[in-house]
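Below: the structure, in structure tokens.
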Amino acid sequence: MDSLSEGIISQLAGARSLVVFTGAGMSAESGVPTFRDAQTGLWARYEPSDLATPEAFARDPALVWQWYAWRRELVAGVEPNAGHQALATWQTRVKAFTVVTQNVDGLHQRAGSDRVLELHGNLHRIICSSEGMEVRDPLPPVAEGGPPRCPQCAAPLRPDVVWFGEALPERAWEGAMQAAARAEVLLSVGTSGLVHPAAGIPLLALQHGAVVVEINPEPTPLSHQVTASVRGTAAQVLPALVERLAPR
Ligand code: BJW
């Protein structure tokens with residue numbers, strides 16, 4: 001926070017349109033593992049190509065279904081952290097406040113954020129792998145650990161998340177690009193900025209003249225391009241920032 005100049009603080013305080021672009025680091029202090037952190041990230045323990053591609057699901061649907069069932073349970077057992085809560089407070093003070101998230105955990109919504117665009121889907125939503133329609137609880141019974149079957153067409157059900165090689169949901173993506181292009185300020189929080197096309201969102205905001213501030217304990221490929229970088233965690237920096245912008 002000390003690394004933000006008074007000029008940037010006043011731009012944040014006066015912004016009428018603000019986008020917060022979030023990644024896995026946003027939820028790390030809630031106890032949800034990131035993907036690429038060297039010791040604790042999911043990809044340190046699991047191969048993305050075995051679990052997060054349509055080919056992996058076709059090859060071994062039971063493995064993929066069980067991995068996501070484990071993650072759904074993990075997320076159901078955690079709470080939004082002080083960073084999520086700070087964003088939900090901040091939204092009440094800004095005319096156009098949009099959270100664009102790569103996260104699939106639903107923690108922004110649980111903290112009370114109203115306008116959340118999910119670029120990589122949501123872990124809790126289950127869809128038919130053939131027709132894409134949502135299937136709500138109670139899901140059909142599961143045979144031998146494999147995914148339940150669609151009640152309409154019997155295709156395996158899957159989580160409504162975006163795997164490598166799949167297109168992003170069109171409405172969320174269009175909405176994110178529009179919000180980024182119109183934003184006076186964009187905050188990029190807790191993302192490595194390595195996964196495309198989502199990683200282009202902060203750059204789009206920069207191209208349109210926004211002030212872009214990164215919040216991350218580690219440098220990323222975005223760090224040298226942004227207006228300012230704050231080295232700290234989401235649950236520490238965001239509440240302090242919101243308090244500084246409008247003390248209670
Ligand atoms: C903290 C913290 C704390 C820690 N506080 N911070 C251009 C160039 C190269 C490749 C491509 C390209 N365009 C497309 C590609 C291919 C591919 C891609 O990007 N590959 C790269 C990895 C090389 N992209 C795709 O395949 C995408 N689809 C696509 O392009 O489709 C084309 C198409 C068009 C039309 C028709 C059909 C196809 C889809 C990408 C889907 C990504 N899916 C995943 C899994 C989602 C489901 C699930 O959860 O299982 O999304 S992968 C994973 O990475 C997940 C994340 O959302 C995403 C981004 O990760 P994120 O959030 O940045 O996490 P980490 O772990 O990387 O970083 C955490 C950060 O937090 C770190 O910086 C820490 O320092 C920090 N941190 N503690 C704050 N407390």
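Numbers here simply count residues along the sequence, with the first being 1. Order of listing sets the numbers, starting from 1, for every ligand and every atom in it. Just so you know, these numbers come straight off a predicted model, no measurement behind them.
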Checklist entry - Does the ring of Trp65 carry Arg72 above it, NZ/CZ under 6.0 angstrom from centre and within 45° of its axis? => result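 That pair qualifies as a cation-pi contact.
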For ligand 1, which of its N or O atoms have a protein N or O partner closer than 3.5 Å, and how long is each gap?
| from | atom 1 | to | atom 2 | distance (Å) |
| --- | --- | --- | --- | --- |
| ligand 1 | 5 (N) | Gly25 | O | 3.2 |
| ligand 1 | 5 (N) | Ala234 | N | 3.0 |
| ligand 1 | 19 (O) | His196 | N | 2.8 |
| ligand 1 | 19 (O) | His196 | O | 3.4 |
| ligand 1 | 24 (N) | His196 | O | 2.9 |
| ligand 1 | 26 (O) | Gly165 | N | 2.7 |
| ligand 1 | 28 (N) | Glu166 | O | 2.8 |
| ligand 1 | 31 (O) | Glu166 | O | 3.0 |
| ligand 1 | 43 (N) | Val162 | O | 2.9 |
| ligand 1 | 49 (O) | Arg71 | NH1 | 3.4 |
| ligand 1 | 49 (O) | Arg71 | NH2 | 2.7 |
| ligand 1 | 50 (O) | Tyr68 | OH | 2.6 |
| ligand 1 | 50 (O) | Arg71 | NH1 | 2.6 |
| ligand 1 | 51 (O) | His120 | ND1 | 3.2 |
| ligand 1 | 54 (O) | Arg36 | NH1 | 3.1 |
| ligand 1 | 54 (O) | Arg36 | NH2 | 3.3 |
| ligand 1 | 57 (O) | Gln102 | O | 3.0 |
| ligand 1 | 57 (O) | His120 | ND1 | 2.7 |
| ligand 1 | 60 (O) | Arg36 | NH1 | 3.0 |
| ligand 1 | 62 (O) | Ala24 | N | 2.8 |
| ligand 1 | 63 (O) | Thr191 | OG1 | 2.7 |
| ligand 1 | 63 (O) | Ser192 | N | 3.0 |
| ligand 1 | 63 (O) | Ser192 | OG | 3.3 |
| ligand 1 | 66 (O) | Phe35 | N | 2.8 |
| ligand 1 | 66 (O) | Arg36 | N | 2.7 |
| ligand 1 | 67 (O) | Arg36 | NH1 | 2.7 |
| ligand 1 | 67 (O) | Ser192 | OG | 2.6 |
| ligand 1 | 68 (O) | Ser192 | N | 3.3 |
| ligand 1 | 71 (O) | Gly190 | O | 3.1 |
| ligand 1 | 73 (O) | Asn216 | ND2 | 2.9 |
| ligand 1 | 75 (O) | Asn216 | OD1 | 2.8 |
| ligand 1 | 80 (N) | Glu29 | OE1 | 3.0 |

Next on the checklist: Keeping Ser17 on the side-chain end and Arg182 on the backbone end, is there a donor-acceptor pair under 3.5 Å?
Outcome noted: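 At least one qualifying donor-acceptor pair exists.
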Checklist entry - Can you list every pair that meets ring pair (Phe, Tyr, Trp, His ring centres under 6.0 Å) and has a residue in residues 93-123, with sequence neighbours left out? => result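 Ring pair (Phe, Tyr, Trp, His ring centres under 6.0 Å) check on residues 93-123 returns His84-His108, Trp90-Phe97.
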Next on the checklist: Quick test of your reading: applying ring pair (Phe, Tyr, Trp, His ring centres under 6.0 Å), list the pairs with at least one residue in residues 178-235, sequence neighbours left out, ordered by first then second residue.
Outcome noted: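 Qualifying pairs, neighbours excluded: none.
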Next on the checklist: Once rounded to the nearest 0.5 Å, what's the spacing between atom CD1 of Ile215 and atom OG1 of Thr22?
Outcome noted: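 Interatomic distance, Ile215 CD1 to Thr22 OG1, rounded to 0.5 Å: 11.0 Å.
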Item to check | Set of residues satisfying side-chain hydrogen bond (donor to acceptor under 3.5 Å, both in side chains) with respect to Glu184, sequence neighbours excluded | outcome: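 For Glu184, the residues satisfying side-chain hydrogen bond (donor to acceptor under 3.5 Å, both in side chains) (neighbours in sequence not counted) are Arg16.
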